[in-house]
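Values below: every heavy atom of this structure, side chains too, minus hydrogens, waters and symmetry copies.
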Amino acid sequence: MTQAITIPVDSEIQQAFEQASEEERQELQVLVSLFFKEGWAKKNVVEVMREIGSHAQERGLTPEILDEILQDE
């Protein structure tokens with residue numbers, strides 16, 4: 001069961017969120033969920049980024065694939 005939460009943000013963030021697509025909003029929901037479920041709230045940003053990178057590599061992400069993804073953006 002999914003529950004809603006309220007997070008205070010500045011007006012620029014609110015506007016960006018309101019203009020985001022449904023897909024972008026769902027991706028943000030996943031990130032927030034992972035942030036707390038994986039215990040990332042207790043780690044610094046560098047630790048979280050390393051952990052995300054390790055998980056991505058374990059799932060087959062290579063520097064070449066990442067470069068291709070970034071080129072598409």
Which value, rounded to the nearest 0.5 Å, describes the distance between [X] atom [atom1] and [Y] atom [atom2]?
X	Y	atom1	atom2	answer
Gln29	Glu24	CD	CD	14.0 Å
Ser54	Arg59	OG	CZ	10.5 Å
Asp10	Gln14	CG	CD	9.0 Å

Taking the side chain as every heavy atom from C-beta outward, state whether Phe17 and Leu28 have any pair of such atoms under 4.5 Å apart. yes
Can Val30 be reached from Phe36 by stepping across I, L, V, M, F, W or Y side chains whose heavy atoms are under 4.5 Å apart? yes
Between Ile13 and Ile5, is there a shared hydrophobic cluster once you connect ILVMFWY residues whose side-chain heavy atoms come closer than 4.5 Å? yes
Between side-chain atoms of residues 45-53 and protein atoms elsewhere (two or more places apart, or another chain), which donor-acceptor pairs fall under 3.5 Å?
from	atom 1	to	atom 2	distance (Å)
Glu47	OE1	Asn44	N	2.9
Glu51	OE1	Lys43	NZ	2.5
Glu51	OE2	Trp40	NE1	3.1

With Thr62 via side chain to side chain donor-acceptor pair (under 3.5 Å) - residues at least two apart: Glu64
Quick check: closest heavy atoms across Arg25 and Gln19, and the distance to 0.1 Å? NH2-N, 4.5 Å
